[in-house]
Amino acid sequence: MDFNNILKEIQDEIQKYFTRGKLPDYIPMLAQADENDFAMSLITLDGEEFNIGCSDKKFSIQSISKVYTFTLALEHYSKQLYTRVGHEPSGDPFNSLVQLEYESGIPRNPFINAGAIVTTDCLSSIYGENAFNEILNFIRKVSNDTTIANDEEIFTSELGHGFRNFALINLMKSYSNIKNPVDDVIQTYFKQCSIMMNTKQLAKSMLFLANHGKDPFSKSTIINVSKAKRINSLMLTCGHYDASGDFAYRVGLPGKSGVGGGIVAVVPKKMGICVYSPKLNKHGNSLIGTKALELFTTKTGLSIF
Ligand code: GLN
């Protein structure tokens with residue numbers, strides 16, 4: 001398949017959507033992104049790479065970080081993890097408080113904010129004050145890139161404005177579903193969201209999920225086959241919050257979005273993908289990113305269905 005040409009076609013066809021969508025402003029630093037940015041990267045299991053647009057430009061990974069923290073927490077806790085976070089789609093926005101109160105402080109899944117805050121708390125219990133460094137090291141390992149770091153300005157911007165996340169963590173603390181001090185856990189969570197990566201690095205970091213949990217280059221096992229299946233399943237059913245059904249319907253791949261404008265996707269047994277465009281749809285997912293992935297699976301037939 002001529003992936004370079006397909007990426008070129010996608011880039012041409014998404015141009016008409018640049019007038020749509022909105023930059024997020026609840027984290028002030030994210031509102032400063034360049035609205036016209038677009039990048040898309042593919043990397044196959046044999047290491048062939050295809051890129052278009054500003055694929056070297058770094059942006060904050062935001063909720064894409066939830067894939068890595070869930071992977072790490074699942075590795076340490078196995079089934080025990082599901083006593084504290086569920087594995088069902090929420091049908092609610094990523095930062096919703098309503099369901100959490102009804103369900104006694106147990107978040108529906110690890111890919112909404114409340115669920116990711118619980119997985120971060122689980123990692124804090126294991127790693128203590130090193131939790132953020134361990135998360136960062138894991139991301140560096142799966143991306144095979146030791147230069148990856150977080151952006152302190154984006155971190156501080158969210159720390160000063162992330163009021164709903166403070167509400168979520170305090171509500172869960174009241175149900176004893178947060179074991180560590182709320183200030184420590186929320187800071188680790190905001191820090192992991194402020195990690196900066198480009199589409200090339202993010203696409204590469206998905207390869208272990210496309211390869212039954214194994215790094216295709218070093219052949220080392222990141223996570224076992226069964227857990228890799230579960231992570232992919234949750235990306236498909238919960239990776240886009242209350243638009244997860246729509247994403248599965250349009251794109252047909254496990255995926256995870258972040259309000260920084262990135263979306264990662266996995267083509268099982270074939271490749272990792274990442275697309276970036278910072279304006280979001282009303283569900284908080286990259287509008288053009290979703291469109292580009294839909295065009296990709298339509299043109300290539302590379303969906304899981
Ligand atoms: N840091 C963001 C938040 O907690 C992440 C949300 C997202 O990317 N959907 O609100």
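What's counted below: heavy atoms across the whole structure, side chains too, no hydrogens, waters or symmetry copies. Both counts, for ligands and for their atoms, begin at 1 and track the order of listing.
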Does ligand 1 have a heavy atom under 4.0 Å from the side chain of [X], from its backbone, from both, or from neither?
| X | value |
| --- | --- |
| N165 | side chain |
| E158 | side chain |
| F190 | neither |
| S63 | both |

Per-atom contacts of ligand 1 with [X], taking only distances under 4.0 Å to non-hydrogen atoms:
| X | answer |
| --- | --- |
| C193 | 1 (N) |
| G258 | 8 (O) |
| F94 | 6 (C), 9 (N), 10 (O) |

Please report which non-hydrogen protein atom sits nearest to atom 10 (O) of ligand 1, along with the residue it belongs to and the distance in Å to one decimal place.
->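 The closest one turns out to be Y26 OH, 2.5 Å.
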Please find out if less than 6.0 Å separates the ring center of F38 from that of Y276.
->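 Ring centres of Y276 and F38 not closer than 6.0 Å.
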Check ion pair R20-E35 (N to O, under 4.0 angstrom) =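 Looking at R20 and E35, the cut-off is not met.
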Ion pair check, D151 and K58, cut-off under 4.0 Å =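 Salt bridge absent between D151 and K58.
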Could you check whether the rings of F247 and H240 sit parallel, tilted or perpendicular, using 30° and 60° as the cut-offs?
->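 The rings of F247 and H240 lie parallel, inter-plane angle below 30°.
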Sub-4.0 Å heavy-atom contact, G284 with ligand 1 |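 Outside the 4.0 Å threshold, so no.
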